[in-house]
Structure formats: C-alpha cells, structure tokens
Amino acid sequence: MPGRVSLSLALTALLLANLVGLLAWSQAGRPAHAIPPHAIHAFDSSQMAMVSAGALQRYTHTLRNESGGPQTYNLSVASNQDWTVTVLPTTLALGSGQSAEVVVELSVPGDAPPGRMAVSTLTARTVPPSPPPLTVKDTALVQSSSSLKVPEALPGELIDGQRTYSLTMQRSSTEFWPGLQTPTSGYNGSFLGPTLVMTYGEAVALHVTNQLAEQTTTHWHGLHLPAVMDGGPHQLIEPGETWRPYFTLLDRASTMWYHPHPHAHEGGNTSGTGTQVYRGLAGMILVRDEASNALGLPQRYGLDEFPLIVQDRNFNPDGSFQTLEEQGGGLRKGDHFLINGTLAGILQVPAQMVRFHLLNGSNARIYNLGLGNDQPFYQIGADGGLLNEPFERTRLHLGPGERAEIVVDLAAMEGQTIHVVSYNDELQSTYVPNPIADDFDRANFILFTLDVTAQTADPITSLPATLNDVARLDSSQAGMRRTLTLTIPPSINNTTFDMEVVNITTTLGTLEIWSMVNLSEEAHPIHIHDAQFQILSRNGVPPEAHEMGWKDTVLVKTGERVDVIKSFHDFADPDAPFMYHCHILEHEDSGMMGQYITVRHYQLYLPLLLR
Ligand code: C2O
Ligand code: CU
Ligand code: CU
C-alpha cells in the first residue's frame, strides 16, 4: 500500500520537523519561529579503535547538513594526548540535505605505552558561527599484551563451624605502566582484593586487619546482616587492629562486594571512602546457593566465569594516581580504564557460554557496556541475585556501586577477538549533563579484549529459561512512605551526613516505600544498606524486566522519581545505624548520606510512654 506508506512518511516528517524545532528552540533559547536555518546538522557517533604504537589511525565521519539552507563549516580536531591529529577537509560547503565524508587521522607515537587512551575531538562550526558547535569524540586505545588479571578466589577456611576469611588492608605499589610504580592499596595484595566465595546459609567470620596508616572500615555491600557487622562508618578499624565481624549468610546467589566506608570527620584520622577506594581497596563477593548451583550456569571460576571490576583512574606522569585536588576537585573521573586492575587487558575465554559478574567499582563514572561487535548477551542477574529469566540485550548501563551478571554466547566465535566497550556516546544528558560531562561521558571507548579460544570439556552451551522465583513485594502492604530528595551541592532532603544524627527510624517487620526524587542536573546511584529492595516504578512506570530483580543501588536520573520497596526484617538495633547514600563516592564523602535505624515496635513506643 504505497499510499499509506507515503502518508505515514509525511506524518513522520511533520513530527520530526516539530521535534527539530523544539530542539533548536531549547538550544538557542528563543522561540521556534526564530530558528536560524543552520541550527541542525549531524555527525555520526563516536568511533573507537585499538591501535599500535607508531600507527596511523583513520576515522571517517559523515557530516550532514540537516538545516533548511546551504551551510559552510569550519572543521578542526584536537587530541587530549598532544598526539598529531588532522582533519580533511578543513572547510566544507554543503547544500541543504547534503552530506560529505570527513577524515580524521591520528598519528600514534612510536613510544606510546600500552594502555594509553587518546581522545580526538572533532569540531564543526558553521560560518558565520552559530553555537553550539557539533562535536564528536573518537578514541584510540594503545594495545597491550597483558592478560587481564582475575582476582584469586578465596573459598574461606572452615574454623569451628564458621567459614572464615582473612583480609589485610595494606599499602603497596602496582606497575600499571611499564617501568612505573603507582602507590596503591589492596586487600591481601597491592591492588583490589580476592573474590570471596560464600555460600547461602553458612556461618561466616571475617578477620579484617588494618595495616594502613589511617582509620578505615570494611563494608559488605549488599549483604543482609546486623548493623554492627555491616562495616559502615561506625565500625572503625584503627591502624594495626583487626576487626572480626561474623554473621549467617542470608543472601541468595548474588554478586556483592566489599570496600572501605569510613567517614572523614572532625577528630577522626581517615582520608574517607573515596580516597581509600580510589587507591585500590575493593573486592568482589560471589554468593552461591543450591538452587543456582543446580541451574547449570557457567560456574568454573577463571575458566567460564569471571569477575569484572570496572574502574577509571587519572595518572600523573610519574605513574601515581592523581589526587582529587590534582584533578581539579569535583568528581574523581579518570581517562584510563582498569578492569580488575589491568589496562587494556586481554582475557582468554572459551568458545561457549561465558558468565561475567560486572561491578562498577568506579568512584563516579557511569558505563554503558556492550560488545564491540554489537552481539547481544543475556543479563541473568542484578545487584542482589538472579533475575527470574534471562534478559537479552546489547547494552547495559551501570552506575557506581551497581552490579550485573551477564552470559555471553561465544560458541561460534572461536579464534576471534571481541572488544568489550563502553558506549557512553549513547548516554544522554539525564545521566551526565553537559556542564560536568568529560570526554568519556560523550565517547565510545574500548575497555578490554576477549580472545576466544577453544571450547573446554563439558561446555555450557545453553541457558535455562527460568533462573529464579523472585516474588514482587506487595506495595499495598507498605506501612511508611518516605521521600528522599536529591540535590546538588550533594545532600539528601537538604541535609548532609552527621555521624551523630539518625535521619530515619524504621520498624522491624515492616515494608516501606522510599521515593527518590532527583532535583539535580545529574544522575545519582542511590544505595541503601542491609536487605535488598525492589524497584516499583520510574516516574510512575513499572521497570523493565531486567530491573525487576533484587537491587541495593539504583541509578536515579535527572528529573526522575524512582520508587523502591524494602523490607526491614531480622535485625533491629536502636544503637547501630545503617547507611543510605549516593554511591558517587565524592558525593557520599561530602555528605550525600543519611543513616537509619531499625527498631522493634516497643522500642519505638516505650520511650514515648515513659515520658
Ligand atoms: Cu558500597 Cu554504603 O556502600
Ligand atoms: Cu552498602
Ligand atoms: Cu550523587
């Protein structure tokens, strides 16, 4: 029916024209009838490449004049690395609707070290200039031959019926760049820590020794346990001391993690959570249970199952990490990417189903993960456990503190290399607004490489259709409803964190709905300690299936209201609070955090009666 096709085309065109008008209006800040004819033009998206030292890298872009009249553009390009980069042509005249190719050439120096990341920013300005200019950021990652590190799995030792893990927090140094030592910290090593493998139902004991020169804590992010065992800012470990928390593991199969959580305050001796995590203190916890063990998922750690801790860092020329001051304050967002502490690593994976436990362990960066060949993968788990069914997708974004489990089918890929990529060019400004966006919030870039090798014996080649039986918490049973407003400068309900102030009191055995309302110009990953919660809605709309699982950290975008439902059960303690906070660690450290206690009914009402 050609008639109908052209009608719907015309309608689409009309709609588009309206949208274009709206966009131009909001950009130029003037009424729609006064749009300059050159307001709209398009580049295609950010390109990325793995390059070798000494190579010439070429990126080809199409610039299209989508305005109503002819345009002339001046083109320029700059590299963040002082590497030579050129664009041809440098002037371009295009009629309305015309497009032309633009070629950017980057000369990679012969001595560019493996793992170096370069961004070339191509800018097109109209003549005469009508801001904003068009930009596109292409990235180049200098290839490395380093194998991607896989943290050692620590199964713990059974001592007196308790599964016991020993962790020592220590200062050390790590070689990320050939010949350069970076001062770092780690658990039982120089950077990051071992993967603690735990089992649902077991009695767990941990010995955490502080060999740093300052106070610290270690928090079991995501685990449901008594507040005094949680490792928040109140469970300080003094230098030289050992902290010995213990608890029964009540969480089902999931991907949790651990990291320091001290709050720098008057009279204290600590640099704070952001600084300690940035230096390298973090590790993963894999919780196993019988039900998930029986699913036949890839579960041979280091063979067909891998943790991936994604972090960004800024380096000084001497190899040291930049301090917050050296980065100019604000947020710690880096221009180099460490996966399990490896720059541009290569991970050998067999040609079959392979499972990854993803953790965004960065202080402040949001990632939009995907495969370089755009191959779909299956998300099988969220923060606190397996989803009910595998969810097929090509992109997965993670805010700081969030985790996801994915399975990639590599059966047909033997002998191939596949890049794992962050497609941040696709993230919109509700995640990171233009004023605070850096190169990597607006570019696509390679994180590391999968090198697909031969199949193992007994490979997993399919996924079960059903993974879990998570029931939805019933919102009609919720007792309290609370609102957390998120604003910048970093605060929650216009209040900043005070060690001495309990902000919220909840009652044991009840359900509550917390609405997080983001009134600021950036996204905040909001984390609530203790039991996992469920996302009820985003702006009133129930979440997609991949957000129906257990969560403890949720990204709340600009202008968004996210309702979560959470149960307060098992542990009441009027004297020990749990934290809730933004997991952008610079926000948390500057006070975007509160504390809640959970009490029994009589603990809530008795003090009132006794007055
Ligand atoms: Cu991962 Cu309160 O922290
Ligand atoms: Cu936590
Ligand atoms: Cu925040």
Side-chain angles (χ1 to χ4, degrees), residues 193 216-227 229-235 245 247 251 254-263 272-274 276-278 281-285 309 311 330-333 359-366 383-384 398-403 430-433 436 484-497 499 503 516-533 550-558 560 562 564 566 571 576-596:
T216 189
T217 79
T218 292
H219 166 55
W220 320 109
H221 179 132
L223 294 186
H224 173 46
L225 36 63
M229 306 297 175
D230 192 40
H234 296 278
Q235 285 85 47
F247 47 86
D251 291 278
S254 50
T255 305
M256 310 300 200
W257 65 302
Y258 59 96
H259 61 79
H261 210 311
H263 188 69
T273 298
Q276 292 190 359
V277 172
Y278 199 79
L281 290 164
M284 201 176 267
I285 301 174
I309 304 176
Q311 298 176 309
L331 305 178
R332 287 184 183 84
K333 290 204 288 197
L359 159 64
N360 181 349
S362 301
N363 283 45
R365 172 94 55 200
I366 299 170
D383 298 340
L398 285 182
E402 285 189 296
R403 291 89 64 211
T430 49
Y431 293 89
V432 190
I436 66 159
L484 308 186
T485 57
L486 314 174
T487 45
I488 290 291
S491 61
I492 299 177
N493 292 339
N494 295 314
T495 313
T496 53
F497 183 71
M499 288 286 278
N503 306 85
M516 271 96 64
V517 181
N518 187 349
L519 303 178
S520 77
E521 292 289 314
E522 58 198 277
H524 301 278
I526 301 300
H527 169 48
I528 311 176
H529 285 214
D530 195 31
Q532 300 282 316
F533 55 72
W550 292 113
K551 295 280 293 170
D552 57 56
T553 308
V554 61
L555 200 56
V556 185
K557 300 194 285 283
T558 296
E560 206 173 29
V562 177
V564 305
K566 178 173 162 88
F571 308 114
F578 286 110
M579 304 296 130
Y580 58 92
H581 58 90
C582 178
H583 221 289
I584 290 177
L585 299 181
E586 289 67 50
H587 288 175
E588 173 191 331
D589 281 337
S590 52
M592 199 169 189
M593 175 155 73
Q595 33 193 357
Y596 73 90

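Order of appearance sets the numbers: ligands from 1, and atoms from 1 within every ligand. For the numbers below, each heavy atom of this structure counts, side chains included, while hydrogens, waters and symmetry mates do not.
Within His524, the N/O/S atom positioned nearest the Cu ion (ligand 3) carries the name ND1. His221 contributes ND1 as its N, O or S atom closest to atom 1 (Cu) of ligand 1. The N, O or S atom of His587 with the smallest distance to the Cu ion (ligand 3) is ND1. Closest N/O/S atom of His583 to atom 1 (Cu) of ligand 1: NE2.
A ring-centre distance under 6.0 Å is found for His583 and Trp257.
Taking each heavy atom of Ala523 and Thr558 in turn, the nearest pair found is N-OG1, 4.1 Å. Between Ser362 and Arg365, the shortest heavy-atom distance links the atoms CB-N, 4.0 Å. When all heavy atoms are compared, the tightest approach of Pro433 to Glu522 is CD-CB, 3.7 Å.
Atom 1 (Cu) of ligand 1 has no N, O or S atom of His261 inside 2.8 Å of it. Because the distance cut-off is set at 2.8 Å, His527 fails to qualify as a neighbour of atom 1 (Cu) of ligand 1, as none of its N, O or S atoms comes that close.
Side-chain contact check for Gln235 versus Pro245: every heavy-atom pair is 4.5 Å or farther apart.
Taking the six-membered ring where the residue is Trp, His219 and His259 present perpendicular rings, their angle passing 60° and hence far from 30°. Ring-plane geometry between Tyr258 and Trp220 is classed as tilted, the angle between the planes lying from 30 to 60 degrees on a 0 to 90 degree scale.
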inquiry  = Does Thr430 form a side chain to side chain donor-acceptor pair (under 3.5 Å) with Glu560? I'd like the steps, not just the answer.
reply    = CA-CA 9 Å; Thr430 49; Glu560 206 173 29; over 6 Å; no
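For the Cu ion (ligand 2), the set of protein N/O/S atoms nearer than 2.8 Å consists of His219 NE2, His527 NE2, ordered by chain and number.
None of His224, His261, His234 except one satisfies the ring pair (Phe, Tyr, Trp, His ring centres under 6.0 Å) rule with His529; the exception is His261.
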